[in-house]
Amino acid sequence: MKGGKSVISEENKRLCVWLKRQRQEKGHTMRSLSELLGTPHSFIGKVENQERRLDVVEFIRYCQALEIDPAEGLKQALN
């Protein structure tokens, strides 16, 4: 990573795009996903709009809620 905040990095952008696509493909709204995670729906919006980054534990829980493989998300971020 070339300096700067990772919340606006290309890797984070690819990860957020992937998470949003996965949410939509699973048929979840931001609100329904936030209910599964026990967070405000604004949390999902901030993640998807790259206003907030996920820590590792949050990322794993996010993926578990969507029933997707976190390793696939990491591959997407690093490509």
Side-chain angles (χ1 to χ4, degrees):
M1 186 173 120
K2 299 178 184 176
K5 294 182 179 182
S6 65
V7 73
I8 57 172
S9 69
E10 282 300 312
E11 295 88 352
N12 192 62
K13 180 180 179 180
R14 288 191 295 269
L15 182 63
C16 292
V17 166
W18 180 78
L19 286 169
K20 182 177 182 177
R21 186 173 355 108
Q22 294 300 311
R23 175 183 61 77
Q24 292 171 333
E25 287 177 6
K26 296 285 184 170
H28 283 288
T29 63
M30 284 190 267
R31 199 168 297 274
S32 67
L33 179 57
S34 71
E35 289 172 6
L36 287 174
L37 290 169
T39 63
H41 72 278
S42 61
F43 171 84
I44 307 301
K46 287 179 181 180
V47 169
E48 291 184 0
N49 291 317
Q50 300 178 64
E51 297 169 17
R52 186 193 190 288
R53 61 182 164 208
L54 296 170
D55 68 27
V56 174
V57 174
E58 289 172 327
F59 173 66
I60 292 169
R61 288 179 181 157
Y62 205 104
C63 290
Q64 287 173 332
L66 290 172
E67 299 179 347
I68 56 176
D69 184 2
E72 184 59 34
L74 296 177
K75 287 178 192 174
Q76 293 293 317
L78 298 175
N79 284 332

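Please read these numbers as outputs of a predicted model, since none were measured by experiment.
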Check: Where is the tightest heavy-atom contact between Gly73 and Phe59, given as atom of each residue plus distance?
Finding: CA-CZ, 4.3 Å
Margin query: Nearest 0.5 Å, please: how far is CE in Met30 from NZ in Lys46?
Written below: 12.5 Å
Margin query: For Arg31, is the CZ atom crowded, meaning more than 12 foreign heavy atoms sit under 6.0 Å from it?
Written below: no
Check: Name the one of Ile68, Ile44, Leu33 that satisfies side-chain contact (heavy atoms from CB on, under 4.5 Å) with Leu19?
Finding: Ile68
Next item on the list: For the residue pair Glu58 and Tyr62, establish whether any side-chain heavy-atom pair is separated by less than 4.5 Å.
Entry: no
Note to self: To the closest 0.5 Å, what do you measure between SG (Cys16) and CD (Gln76)?
What the structure shows: 12.5 Å
Note to self: Whether the side chain of Asn79 engages the backbone of Lys75 through a donor-acceptor N/O pair (distance < 3.5 Å, no angle test) should be reported.
What the structure shows: yes
Notebook entry, point to check: Got a donor-acceptor contact below 3.5 angstrom from the Arg23 side chain to the His28 backbone?
Noted result: yes
Check: When rounded to the nearest 0.5 angstrom, what is the spacing between CG in Leu15 and CD in Glu48?
Finding: 11.0 Å
Next item on the list: Mind checking the CD-CG spacing from Gln64 to Leu37? Nearest 0.5 Å is all I need.
Entry: 9.5 Å
Check: What distance separates Leu54 CG from Arg61 CZ, expressed to the nearest 0.5 Å?
Finding: 11.5 Å
Check: What closest approach, in Å, do Glu11 and Ala77 show between heavy atoms, and which atom pair accounts for it?
Finding: CG-O, 3.4 Å
Check: Does Asn49 reach the main-chain N or O of Glu51 with its side chain, forming a donor-acceptor pair under 3.5 Å?
Finding: no
Next item on the list: Flag yes if more than 12 heavy atoms outside Glu25 fall under 6.0 Å of its CD atom; otherwise flag no.
Entry: yes
